[in-house]
Amino acid sequence: MPTAPDSTLRIVLAEDGVLLREGLVGLLGRFGHEVVAAVGDADALRDAVGEHDPDIVVTDVRMPPGFQDEGLRAAVALRAERPALPVLVLSQYVQRAYAAELLDSGDGTGVGYLLKDRVGQVGEFVDALSRVAAGGTVVDPEVVRQLLRRRRDPLEALTPREREVLGLVAEGHSNGAIARRLVVTEAAVGKHIGNILGKLNLPPAEDTHRRVLAVLTYLRA
């Protein structure tokens with residue numbers, strides 16, 4: 001039987017999967033907590049926090065409309081507006097582009113990042129929720145491992161050819177100029193650049209802006 005919590009938490013839950021969302025509402029209720037809003041997208045998450053001023057936010061990463069990192073970006077924005085707002089990310093994915101920013105937000109307290117498939121016991125999740133709400137930090141070791149790997153060398157996932165292409169992009173060459181330099185088709189260059197942007201986990205943006213972000217990553221490495 002669930003044990004009664006030391007205090008009831010008022011929770012805003014953001015999860016686009018209806019069955020999982022409803023299951024979490026029921027689970028948290030059984031442990032004595034109150035889900036004041038259960039929503040399915042990032043815009044609704046921000047609205048619910050403004051309306052309910054919860055004790056903690058629990059959010060997934062990938063949500064409508066793009067199913068990229070909308071939930072995590074919303075969490076980062078909420079922490080920027082409310083540095084003391086506890087946030088627990090519960091996801092299948094490590095979205096490295098914003099995970100480090102979330103964990104660095106506020107004063108680094110009251111934040112957590114757990115992977116759904118690695119939560120072995122219901123009690124572990126509820127305990128993590130309480131610890132984050134109380135100002136603690138709870139991060140899955142796999143999240144830490146991936147963030148450390150990214151910080152060691154953000155370009156390590158690139159092939160030698162992709163590094164060469166990114167170097168030429170950093171020098172200001174167009175796709176056509178790169179194709180002529182490497183004696184390949186312009187379509188091949190475009191494919192390499194697409195792979196580079198994906199491997200660097202750059203946030204969705206206009207192509208020109210993403211190229212700039214890729215160059216900055218190259219120059220910092």
Side-chain angles (χ1 to χ4, degrees), residues 1-42 44-63 69-96 98-147:
M1 291 292 292
T3 57
D6 294 335
S7 61
T8 297
L9 295 174
R10 301 175 63 259
I11 302 164
V12 166
L13 170 65
E15 164 61 55
D16 67 286
V18 175
L19 291 179
L20 179 55
R21 184 169 69 238
E22 293 304 314
L24 285 171
V25 170
L27 169 68
L28 293 167
R30 289 199 302 275
F31 278 83
H33 299 303
E34 179 188 4
V35 177
V36 295
V39 301
D41 63 72
L45 167 59
R46 288 188 287 265
D47 291 343
V49 169
E51 179 180 352
H52 296 283
D53 190 22
D55 297 316
I56 186 169
V57 166
V58 178
T59 183
D60 194 0
V61 168
R62 298 185 178 183
M63 305 182 75
D69 52 16
E70 290 85 351
L72 186 53
R73 283 189 286 131
V76 170
L78 287 169
R79 289 275 287 187
E81 298 166 1
R82 304 165 178 244
L85 174 67
V87 172
L88 175 59
V89 172
L90 181 64
S91 179
Q92 289 179 304
Y93 311 99
V94 180
Q95 175 48 267
R96 292 179 290 179
Y98 285 102
E101 187 173 349
L102 175 68
L103 297 174
D104 288 340
S105 63
D107 58 359
T109 62
V111 66
Y113 199 129
L114 298 179
L115 298 178
K116 293 175 181 176
D117 293 342
R118 288 168 56 87
V119 176
Q121 301 290 333
V122 169
E124 293 177 4
F125 167 65
V126 177
D127 178 64
L129 180 78
S130 296
R131 282 189 282 156
V132 171
T137 301
V138 180
V139 183
D140 188 288
E142 176 63 16
V143 176
V144 175
R145 187 186 69 80
Q146 292 202 32
L147 291 178

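The structure displayed is predicted, hence computed values, not measured ones. These numbers come from the heavy atoms of this one structure, side chains and all, not from hydrogens, waters or symmetry mates.
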Review point. Rounded to the nearest 0.5 Å, what separation is found between the CZ atom of Arg73 and the OG1 atom of Thr59?
Key: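 Answer for the CZ-OG1 pair, Arg73 versus Thr59, is 11.5 Å.
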
Review point. Going from NZ on Lys116 to CG on Leu114, what distance comes out if it is rounded to the nearest 0.5 angstrom?
Key: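 With rounding to 0.5 Å, NZ (Lys116) is 11.5 Å from CG (Leu114).
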
Closest contact, heavy atoms only, [X] versus [Y]:
X: Asp140; Y: Glu142; value: OD1-N, 2.7 Å
X: Asp16; Y: Arg62; value: OD1-O, 3.2 Å
X: Ile56; Y: Ala133; value: CD1-N, 3.9 Å
X: Tyr98; Y: Val76; value: O-CG2, 4.0 Å
X: His52; Y: Val12; value: CB-CG2, 4.5 Å
X: Thr8; Y: Glu34; value: CG2-N, 3.9 Å

Review point. Per the side chain to side chain contact (heavy atoms under 4.5 Å, CB included) rule, which among Val87, Val138, Thr137, Val58 passes with Val132?
Key: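 Filter result, single survivor: Val138.
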
Exercise for review: List the steps and the verdict of side chain to side chain contact (heavy atoms under 4.5 Å, CB included) for Ile11 and Leu24.
Suggested key: CA-CA 11 Å; Ile11 302 164; Leu24 285 171; over 6 Å; no

Looking at [X] and [Y], would you say the former's side chain and the latter's main chain have a donor-acceptor pair under 3.5 Å?
X: Arg46; Y: Leu78; value: no
X: Asp69; Y: Leu72; value: no
X: Ser91; Y: Asp60; value: no
X: Arg79; Y: Leu85; value: yes

May I ask you to test the [X]-[Y] pair for a side-chain heavy-atom distance under 4.5 Å?
X: Leu13; Y: Arg21; answer: yes
X: Glu81; Y: Val49; answer: no
X: Leu28; Y: Phe125; answer: yes
X: Val89; Y: Gln95; answer: no

Check your understanding: Are Phe31 and Asp127 close enough, and set up right, to give a side chain to side chain contact (heavy atoms under 4.5 Å, CB included), and what steps lead you there?
Key -> CA-CA 10 Å; Phe31 278 83; Asp127 178 64; over 6 Å; no

Check your understanding: Can you list the steps and then say if Leu129 with His33 is a side chain to side chain contact (heavy atoms under 4.5 Å, CB included)?
Key -> CA-CA 10 Å; Leu129 180 78; His33 299 303; 4.1 Å; yes

